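Reading through the structure tokens given below for one structure.
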Amino acid sequence: MAFNHKHLIDITQYSADDIMLLLETAKNFKQVNERRVKKVPTLKGFTVVNMFNEPSTRTRSSFEIAEKRLSADSLNFGGSSTSTVKGESLVDTVETLCSYKIDLIVVRDKHAGVPRKIADVSGVSVIDAGDGKHQHPTQALLDLYSIWERKGSFDNLKVAVVGDIGHSRVCGSLIPALKIMGCDVTVVAPPTLLPARPDILGADHVSSNLDEVLPEMDVVYMLRIQRERLEGAPYPSLREYNMLYGLTQKRDKLMKPDACVCHPGPINRGVELDSFMADHPERSIILDQVYAGVLVRMAALYLLLGGSNDGFDA
């Protein structure tokens with residue numbers, strides 16, 4: 001099946017077949033990552049720029065590992081090292097980078113819409129690694145991969161997305177992606193952490209009562225409290241938030257026996273999850289999500305750049 005996309009910016013532009021191709025390609029790259037020499041010549045000669053204008057640990061490191069394992073040349077760029085701190089415009093910076101004849105830009109920025117702007121002016125492939133409160137498509141894809149590996153299928157899956165819905169770019173990609181794949185999605189949050197129009201996200205149900213929702217769910221996706229993006233005080237205290245919306249050992253008894261737990265990281269232990277649930281040997285697939293990040297980002301780079309089949313044979 002052909003992958004007829006130049007960019008990975010808006011998850012809603014992908015069909016269920018597109019997403020399954022990405023997930024299946026990621027699964028093929030699992031073989032590469034589990035052998036002694038974790039490197040293939042698939043993207044040898046391609047140049048990728050990692051433009052991270054906002055701090056990141058997991059996303060940036062997994063993109064860098066993915067590029068290295070595909071043998072791409074990469075340039076790490078952003079933050080205080082950019083000429084934008086000297087007054088240069090984003091467009092001028094991007095045009096300067098493109099004069100090096102690069103092939104793809106991975107961009108993370110605190111402002112929504114920056115990846116689309118870069119795609120419009122650069123002429124090269126662009127991957128959105130998170131923009132403001134807008135989207136984070138590779139996070140959604142690695143979440144889907146982790147759920148698919150655990151559950152085997154998306155058919156009739158009931159998924160709860162719990163927590164800071166209003167400030168989360170993860171939701172901006174994850175909820176549409178789950179809907180594209182046919183899942184039934186419930187968002188659970190206090191009203192102060194919901195957007196003004198939660199229906200725009202595409203969820204099937206909205207609830208403020210976690211205990212009522214948990215018994216029906218196959219997957220429980222706990223969002224990180226976005227302390228750096230909160231305006232005002234949307235709940236009385238972190239302790240009260242944990243009492244009402246935290247996934248705890250006590251709530252474990254409410255869940256289906258085979259229900260699994262996800263979290264995009266980093267975890268605020270004692271807030272979204274206690275250690276019992278975060279480290280639960282049967283339920284938690286949080287570390288699987290971290291590993292899936294490398295596989296999915298390898299797949300995205302490979303498909304967008306049209307790498308040769310040597311990647312699977314070398």
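As the structure is a prediction and not an experimental result, all values here were calculated from the model.
For Lys38, the NZ atom is densely surrounded, since the number of other residues' heavy atoms within 6.0 Å is greater than 12. Taking a 6.0 Å sphere around CG of Asn156, one finds it holds 12 or fewer heavy atoms contributed by other residues, nucleotides or ligands.
Cluster membership for Leu194 and Ile200, using ILVMFWY side-chain heavy atoms within less than 4.5 angstrom, is not shared. Note on Ile65 and Val32: same hydrophobic cluster, where clusters join Ile, Leu, Val, Met, Phe, Trp and Tyr whose side-chain heavy atoms are under 4.5 Å apart, directly or indirectly. Following chains of ILVMFWY side-chain contacts shorter than 4.5 Å, one can reach Val124 starting from Val94, so the two form part of one hydrophobic cluster. Residues Leu244 and Tyr241 fall within the same hydrophobic cluster, defined by Ile, Leu, Val, Met, Phe, Trp and Tyr side chains chained together at heavy-atom separations under 4.5 Å. When hydrophobic clusters are built by joining Ile, Leu, Val, Met, Phe, Trp and Tyr residues whose side-chain heavy atoms come closer than 4.5 Å, directly or via intermediates, Ile285 is not grouped with Leu174.
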- [ ] Report the C-alpha separation of Asp184 and Leu157 in whole Å, then their side-chain angles, then the decisive distance to 0.1 Å, and conclude whether the side chain to side chain contact (heavy atoms under 4.5 Å, CB included) test is met.
- [x] CA-CA 6 Å; Asp184 183 89; Leu157 272 188; over 6 Å; no
Task: CA sep, side-chain torsions, deciding dist, call: Met181, Trp148, side chain to side chain contact (heavy atoms under 4.5 Å, CB included) - done: CA-CA 10 Å; Met181 302 312 294; Trp148 177 55; over 6 Å; no
Task: side chain to side chain contact (heavy atoms under 4.5 Å, CB included) between Val161 and Leu223, intermediate numbers included - done: CA-CA 7 Å; Val161 182; Leu223 292 168; 3.7 Å; yes
Open item on the list: Under the criterion side chain to side chain contact (heavy atoms under 4.5 Å, CB included), I'd like the reasoning laid out for Tyr145 against Leu22: C-alpha separation, chi angles, the key distance, then a yes or no.
Closed with: CA-CA 9 Å; Tyr145 181 91; Leu22 271 157; over 6 Å; no
- [ ] Check the pair Tyr302 / Phe3 against ring-ring contact (aromatic ring centres under 6.0 Å, His included), numbers first and verdict last.
- [x] CA-CA 10 Å; Tyr302 170 81; Phe3 191 74; 9.7 Å; no
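Not counting sequence neighbours, the partners of Ser62 by the side-chain hydrogen bond (donor to acceptor under 3.5 Å, both in side chains) test are Arg297. With sequence neighbours left out, the salt bridge (Lys or Arg N to Asp or Glu O under 4.0 Å) criterion links Asp258 to Lys151. Judged as a side chain to side chain contact (heavy atoms under 4.5 Å, CB included), and not counting sequence neighbours, the contacts of Ser173 are Ile11, Gln135, Pro137, Ala140. Among residues two or more places apart in sequence or in another chain, the salt bridge (Lys or Arg N to Asp or Glu O under 4.0 Å) test is passed with Arg239 by none. For Lys117, the side chain to side chain contact (heavy atoms under 4.5 Å, CB included) partners are Leu90, Val91, Val121, not counting sequence neighbours. The salt bridge (Lys or Arg N to Asp or Glu O under 4.0 Å) check on Asp73 picks up nothing, with sequence neighbours excluded. Remark: Asp120 pairs with no residue by the salt bridge (Lys or Arg N to Asp or Glu O under 4.0 Å) rule, at least two apart or across chains. Residues passing the side chain to side chain contact (heavy atoms under 4.5 Å, CB included) test with Glu282, sequence neighbours excluded: His280. Residues forming a side chain to side chain contact (heavy atoms under 4.5 Å, CB included) with Pro264 (at least two apart in sequence, or on another chain): Gln139, Val170, Tyr221.
Side-chain contact, Glu240 with Tyr245: no donor N or O sits under 3.5 Å from an acceptor N or O. Thr12 and Asp10 share a side-chain donor-acceptor pair at under 3.5 Å. A side-chain donor-acceptor contact under 3.5 Å links Glu67 and Asn50. Under 3.5 Å, the side chains of Glu272 and His263 contain a donor-acceptor pair of N or O atoms.
Closest non-hydrogen pair, Phe52 versus Ala129, comes out as CZ-CB, 4.0 Å. The two residues Thr248 and Asp274 have their closest heavy-atom pair at CA-OD2, 3.2 Å. The minimum heavy-atom distance between Leu247 and Val261, with the atom names listed, is CD2-CG2, 3.6 Å. Between Val126 and Pro115, the closest heavy-atom pair is CG1-O, 3.7 Å. Arg283 and Pro257 make their closest contact through NH1-O, 3.6 Å (heavy atoms, listed as atom of the first residue, atom of the second, distance). Gln249 and Met277 get closest at one heavy-atom pair: N-CG, 4.0 Å.
Remark: the backbone N or O of Ala278 is paired with a side-chain donor or acceptor of Ser284 at under 3.5 angstrom. A donor-acceptor contact shorter than 3.5 Å is absent between the side chain of Asp103 and the backbone of Val48. Ser74 places no side-chain N or O within donor-acceptor distance of the main-chain N or O of Val49, the cut-off being under 3.5 Å.
Residue pairs that meet the salt bridge (charged side-chain N to carboxylate O under 4.0 Å, His left out) test with at least one member in residues 203-213, sequence neighbours left out, are Lys179-Asp204, Asp211-Arg251. For the side-chain hydrogen bond (donor to acceptor under 3.5 Å, both in side chains) condition, the pairs that include at least one residue of residues 121-131, sequence neighbours left out, are Asp131-His134. Sorted by first and then second residue, the salt bridge (charged side-chain N to carboxylate O under 4.0 Å, His left out) pairs involving residues 89-98 (not counting sequence neighbours) form an empty list.
No salt bridge links Arg60 with Glu54; every basic N to acidic carboxylate O contact stays at or beyond 4.0 Å. Salt-bridge check for Lys256 with Asp218: passed, with a basic side-chain N closer than 4.0 Å to an acidic carboxylate O.
To the nearest 0.5 Å, atom CG of residue Leu295 and atom CG of residue Asn33 are 5.0 Å apart. Atom CZ of Arg69 is separated from atom NZ of Lys39 by 9.5 Å, given to the nearest 0.5 angstrom. Residue Ile118 holds its CD1 atom at 9.0 Å from CG of Leu97, rounded to the nearest 0.5 Å. Remark: Ile175 CD1 to Leu201 CG distance equals 4.5 Å, nearest 0.5 Å. Note: Leu141 CG to Asp18 CG = 10.5 Å, rounded to the nearest 0.5 Å. The distance from the CE atom of Met217 to the CE atom of Met255 is 10.5 Å, given to the nearest 0.5 Å.
Screening Leu70, Leu305, Leu301 for a side chain to side chain contact (heavy atoms under 4.5 Å, CB included) involving Phe46 leaves a single residue, Leu305.
Glu149 places a side-chain heavy atom less than 4.5 Å from the side chain of Lys30. Ile286 is listed as a side-chain neighbour of Leu273, based on a closest heavy-atom distance under 4.5 Å. Counting heavy atoms from C-beta outward, Thr59 and His136 have side chains that approach closer than 4.5 Å. Between Leu254 and Leu210, the closest side-chain pair of non-hydrogen atoms is not below 4.5 Å. Side-chain contact check for Val187 versus His205: every heavy-atom pair is 4.5 Å or farther apart.
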